[in-house]
Amino acid sequence: MKAIRRFTVRTVLPESIAPLSRLAKNLRWSWHRPTEQLFADLNPQAWEAVHGDPVKLLGSLTREEIQQIADDPETVRRIEELDADLECYLTDELWYQQTQPADAPASIAYFSAEYGITSVLPQYSGGLGILAGDHLKSASDLGVPVVGVGLFYQHGYFKQSLSRDAWQQETYPVLDPDGLPLTLLREEDGTPARVTLPLPNGRSLSAHIWRADVGRVPLLLLDSDIPDNDDHARSITNRLYGGGGDHRLQQELLLGMGGVRALRVFRRLTGAPEPEVYHCNEGHAGFAGIERVSELMEPRGDAEPMTWEEALTAVRCGTVFTTHTPVPAGIDRFERAQIEHFFQAGLAPSVPTANILALGAEDYDGGDPGKFNMAVMGLRLAQRANGVAKLHGVVSRQMFQGLWPGFDNDEVPIGSITNGVHVTSWIDPRMAELVLDPHGTDLDRAARWRHVYSVEDTELWAVRRELRKRLVQDVRTRLRASWKARGAADAELGWTDSVLDPDVLTIGFARRVPTYKRLTLMLRDPQRLKKILLNPERPVQLVVAGKSHPADEQGKRMIQDLVRFTDNPEVRHRIVFLPNYDIAMARTLFPGCDVWLNNPLRPLEACGTSGMKAALNGGLNLSVLDGWWDEMYDGQNGWAIPTADEGAHPDERDDIEAAALYELIENHVAPRFYGEAAEGSEPGTDGVPHQWLAMVRHTLATLGPRVSAKRMVDDYVRELYVPAARSQRRAAADGFAVARAESRWVGRVRQAWPEVSVEHVDAEGVEQEPQIGDELRVHAYVTLGSLTPEDVRAEIGYGRVSETDHIHERRYALLAPNGDLGGGRHRFSGSVTIDRSGPFGYTVRVVPQHPHIADKAELGLVVNA
């Protein structure tokens with residue numbers, strides 16, 4: 001029998017334990033172990049049954065059980081203490097309040113299509129969502145005033161299982177928001193608050209706004225599954241990355257434009273300050289900028305409406321854009337006709353549709369004029385942009401160089417801030433207690449991690465074995481459940497009780513399964529892998545997990561190939577695949593692995609934070625030099641898998657890199673783990689691998705503070721948020737007078753730029769045989785047309801030159817105005833000191849100059865000699 005209606009019955013708690021409701025609703029419990037332990041202790045069996053969900057736990061308790069809790073003085077005291085602790089956490093002055101200048105932003109809006117905060121709220125698919133969740137958690141811990149904006153997906157991503165023949169299967173359980181740690185935003189009269197977007201053909205898309213509290217950070221999630229919508233509109237937020245075409249476009253319109261409208265509602269209902277900085281985490285939320293431009297272009301009281309150019313200038317000042325995608329194929333792109341169709345419905349009535357189309361146009365070499373590119377729009381709407389690792393910054397500058405023609409790749413205005421992970425979420429409590437200085441603070445994070453040098457090897461080894469043992473137990477439980485789901489009977493599964501060994505070197509590999517991450521590289525030579533796993537003296541065991549996108553047949557085939565290998569009775573006690581990889585599984589997997597394996601195609605891993613989580617727990621990385629590992633590998637914190645030449649055939653490349661992987665495990669990783677200093681040497685006599693633990697200790701002390709998301713958020717605050725807020729504030733002053741003036745200047749410069757040229761360059765001071773220390777004086781004769789010398793910056797670029805006359809190790813020196821020659825012609829002069837031997841060269845260029853542009857390449861205008 002099926003119910004025709006459903007509703008959620010709320011638990012009414014006695015006054016003495018009423019704070020349990022607040023403790024359950026604030027997601028700080030997901031990384032605050034004492035609060036999580038409180039809920040686990042209330043009813044351990046029920047806690048296990050609800051998979052560690054405090055809201056469901058309270059909903060599952062009977063009236064008698066609730067009264068028993070209320071009658072227990074010790075439990076009441078714990079609840080009161082933890083509630084007081086939460087109150088202090090929410091109100092105290094933290095790192096941000098203690099260290100940042102008075103003009104630091106009072107509010108920062110952070111937009112992301114997914115958030116991985118806890119497995120209880122499954123609104124994530126992989127690294128992007130986990131990164132967004134860790135960003136919010138760390139912002140909360142540091143007191144950074146962030147407000148998150150996203151979508152609420154009724155089915156989340158998907159749950160993964162395996163068929164009997166090892167094919168990935170997806171199920172989409174319905175999430176009831178009333179049973180989750182969420183609160184519906186309501187108007188003063190009690191009706192649900194909502195935002196509405198007009199759609200073509202007279203339709204509309206409305207959404208309710210759910211609020212999750214991530215510590216101090218409110219997270220607003222828009223939900224289109226409401227009665228006012230038609231059936232299609234109700235399904236817009238059904239699945240994360242579900243559907244394509246118009247469905248995906250409407251998700252992104254709701255996230256961006258609806259998200260900005262939701263922030264307005266939130267501010268109106270709560271009195272929260274207006275965001276001064278808008279941070280778009282990937283291009284999915286790019287339409288947020290269009291909504292803000294549209295708002296500024298609409299008539300407002302006595303203020304004169306802003307023009308497109310003025311509003312765009314103002315919006316760019318306060319916008320930060322982060323790209324996570326190292327390949328063009330990973331970027332969301334729509335047909336231009338789709339964008340035109342939706343915006344002609346009145347989404348941004350004040351904004352000319354042609355201007356919106358121009359923002360996402362691929363109007364550069366290699367671009368498709370029929371496509372609208374979300375990342376390109378994101379970059380054009382943001383004054384500040386970054387990749388998520390140093391190498392990814394290099395890749396991004398190469399990938400988007402076409403937007404800044406005339407500039408070398410290294411001058412493209414896309415910086416980098418390397419991702420980090422939320423330490424408290426990902427470090428096991430036993431490891432944290434052992435290696436972290438309990439008296440450390442956020443004012444000196446590195447000092448907390450140096451405490452590990454005072455830990456004895458025997459203590460460290462004992463905790464590492466304990467974590468490995470717990471992983472083995474968890475794997476056995478999950479593997480048995482997986483086989484039963486595949487149709488196996490209990491009588492067939494006795495072997496699962498002896499899978500893995502707590503004293504064997506354990507390597508982990510868990511992540512999404514796109515082809516570039518090469519899940520099956522380890523299977524390149526199955527016999528050699530089998531030999532490594534079954535080595536009688538130095539055995540190795542592998543724990544593998546990961547989901548493939550439902551539409552990625554090649555990724556599913558890789559999972560099937562791997563699972564079929566793991567099903568082999570010869571090796572199934574040494575290698576396992578665990579379906580339905582999620583945060584709950586990761587919290588056991590990362591601490592329990594000795595080595596974390598990562599073998600993507602370089603340089604296609606933007607950052608890859610899974611290895612960071614392993615490092616926090618004393619795991620060593622075995623990885624291709626890509627993403628974060630490219631900049632943080634130092635020879636003592638793990639091993640680098642050599643990569644083949646870029647020009648190698650894909651099969652040859654995989655053969656070379658797989659062989660290198662096998663060689664490293666056999667001759668370097670395993671011998672050191674089993675207490676051998678090198679191949680063939682004698683093991684230690686006390687059973688403790690001291691050289692291995694020296695690497696573990698070095699990893700914890702040096703990588704701990706560097707891979708922390710607190711370091712990452714600190715970088716965002718100092719390098720992007722504070723400068724963006726200053727720019728935004730300056731642009732908005734006096735009725736946006738500065739933004740209006742700057743936009744007029746930009747328009748004047750763009751119109752006049754075709755007239756600018758470097759006519760001639762003279763040099764003096766260099767003899768027939770120049771030597772180090774000689775001064776080179778340069779005079780450049782430049783035509784500026786209607787521009788003035790104050791509008792431009794003339795530079796000499798100099799350095800070592802290649803055989804093709806390309807300048808390497810380039811530097812720039814300013815050429816100052818040195819004479820008005822009439823007719824729009826000017827002379828600029830300056831000098832540099834020759835500071836190196838060998839081939840030396842120089843050139844001259846002219847770029848726009850204005851006190852309010854953030855980078856000299858920002859406008860994409862340059863004239864080279």
Side-chain angles (χ1 to χ4, degrees), residues 30-34 36-37 95 134 137-138 141-142 419-471 502-503 505-508 586-596 609-622 628-629 632-639 669 672-673 675 684 686-712 714:
S30 68
W31 73 90
H32 188 248
R33 307 295 182 187
E36 187 179 37
Q37 191 60 50
W95 170 86
D134 284 3
K137 293 176 186 177
S138 297
D141 288 344
L142 294 172
N419 284 346
V421 296
H422 184 247
V423 173
T424 315
S425 290
W426 298 110
I427 190 171
D428 187 271
R430 283 157 290 189
M431 182 61 69
E433 185 178 356
L434 183 67
V435 306
L436 287 176
D437 184 349
H439 305 296
T441 71
D442 286 322
L443 300 179
D444 187 0
R445 299 179 200 118
R448 291 196 72 198
W449 291 92
R450 288 195 291 270
H451 180 71
V452 70
Y453 287 119
S454 66
V455 177
E456 295 291 334
D457 277 3
T458 50
E459 290 182 277
L460 188 55
W461 186 239
V463 169
R464 288 293 315 141
R465 186 186 186 279
E466 183 184 348
L467 298 176
R468 197 183 312 115
K469 181 179 179 181
R470 191 179 66 145
L471 171 62
D503 292 308
L505 168 62
T506 304
I507 299 177
R587 288 179 68 178
T588 304
L589 181 55
F590 287 117
C593 289
D594 303 293
V595 173
W596 198 256
T609 57
S610 60
M612 294 179 171
K613 302 175 185 103
L616 293 178
N617 290 283
L620 305 180
N621 275 267
L622 172 60
W628 75 278
W629 190 237
M632 296 194 195
Y633 167 68
D634 66 7
Q636 298 300 315
N637 52 13
W639 295 269
V669 181
R672 182 154 295 196
F673 177 84
D686 60 357
V688 177
H690 297 285
Q691 291 196 3
W692 179 274
L693 291 174
M695 294 179 71
V696 169
R697 190 176 281 104
H698 174 76
T699 292
L700 288 163
T702 60
L703 286 184
R706 294 181 69 191
V707 304
S708 164
K710 285 185 177 178
R711 185 271 312 151
M712 174 189 73
D714 185 330

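Nothing fancy with the numbering, it's 1 onward along the sequence.
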If you round to the nearest 0.5 Å, how far is [atom2] of [Y] from [atom1] of [X]?
{"X": "R448", "Y": "D437", "atom1": "CZ", "atom2": "CG", "answer": "7.0 Å"}
{"X": "S708", "Y": "D141", "atom1": "OG", "atom2": "CG", "answer": "9.0 Å"}
{"X": "W628", "Y": "S610", "atom1": "CH2", "atom2": "OG", "answer": "8.5 Å"}
{"X": "H422", "Y": "S138", "atom1": "NE2", "atom2": "OG", "answer": "4.5 Å"}
{"X": "W692", "Y": "D594", "atom1": "CH2", "atom2": "CG", "answer": "5.5 Å"}
{"X": "N617", "Y": "M612", "atom1": "CG", "atom2": "CE", "answer": "14.0 Å"}

| Between H698 and N637, a side-chain donor and acceptor under 3.5 Å |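 Short answer, no.
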Check whether any side-chain heavy atom of [X] lies under 4.5 Å from a side-chain heavy atom of [Y], and answer yes or no.
{"X": "V595", "Y": "L505", "answer": "yes"}
{"X": "R711", "Y": "P705", "answer": "no"}
{"X": "M431", "Y": "L460", "answer": "yes"}
{"X": "N621", "Y": "Y633", "answer": "no"}
{"X": "L471", "Y": "C593", "answer": "yes"}

So which heavy atom on [X] is nearest to which on [Y], and how close?
{"X": "M712", "Y": "N419", "value": "SD-CA, 3.6 Å"}
{"X": "L434", "Y": "H451", "value": "O-CD2, 3.8 Å"}
{"X": "V421", "Y": "T609", "value": "CG1-CB, 3.6 Å"}
{"X": "V455", "Y": "R697", "value": "O-NH2, 2.8 Å"}
{"X": "R464", "Y": "G618", "value": "NE-O, 4.1 Å"}
{"X": "V688", "Y": "T458", "value": "CG2-CG2, 4.3 Å"}

| field | Cation over ring face, R445 and W95, 6.0 Å, 45° | value | yes
| query | Could you walk me through whether D503 and K469 pass the salt bridge (Lys or Arg N to Asp or Glu O under 4.0 Å) check? | reply | CA-CA 8 Å; D503 292 308; K469 181 179 179 181; over 6 Å; no
| task | Dump the intermediate steps for side chain to side chain contact (heavy atoms under 4.5 Å, CB included) on I427 and W31, then the final yes or no. | result | CA-CA 10 Å; I427 190 171; W31 73 90; over 6 Å; no
| Given the side-chain rings of W461 and F673, with only the six-membered ring counted for Trp, is the space between their centroids under 6.0 Å? | yes
| said: For W596 and F590, I'd like to know if the aromatic rings sit close, meaning centre-to-centre distance below 6.0 Å. | reply: yes
| Sub-3.5 Å donor-acceptor pair from the side chain of R468 to the main-chain atoms of G592, do we have one? | no
| message | Among V696, V463, L700, which residue satisfies the side chain to side chain contact (heavy atoms under 4.5 Å, CB included) criterion with V435? | response | L700
| message | Test of understanding: with salt bridge (charged side-chain N to carboxylate O under 4.0 Å, His left out), list the residues that count as partners of R430, not counting sequence neighbours. | response |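 Residues passing salt bridge (charged side-chain N to carboxylate O under 4.0 Å, His left out) with R430: D428, E466.
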| request: Decide yes or no on side chain to side chain contact (heavy atoms under 4.5 Å, CB included) for K137 and S425, but give the supporting numbers first. | output: CA-CA 9 Å; K137 293 176 186 177; S425 290; 2.9 Å; yes
| query | Please walk me through it: do T588 and R470 pass side chain to side chain contact (heavy atoms under 4.5 Å, CB included)? | reply | CA-CA 7 Å; T588 304; R470 191 179 66 145; 4.2 Å; yes
| request: For the pair D134 and W426, evaluate side-chain hydrogen bond (donor to acceptor under 3.5 Å, both in side chains) and give the outcome as yes or no after the intermediate values. | output: CA-CA 10 Å; D134 284 3; W426 298 110; 3.0 Å; yes
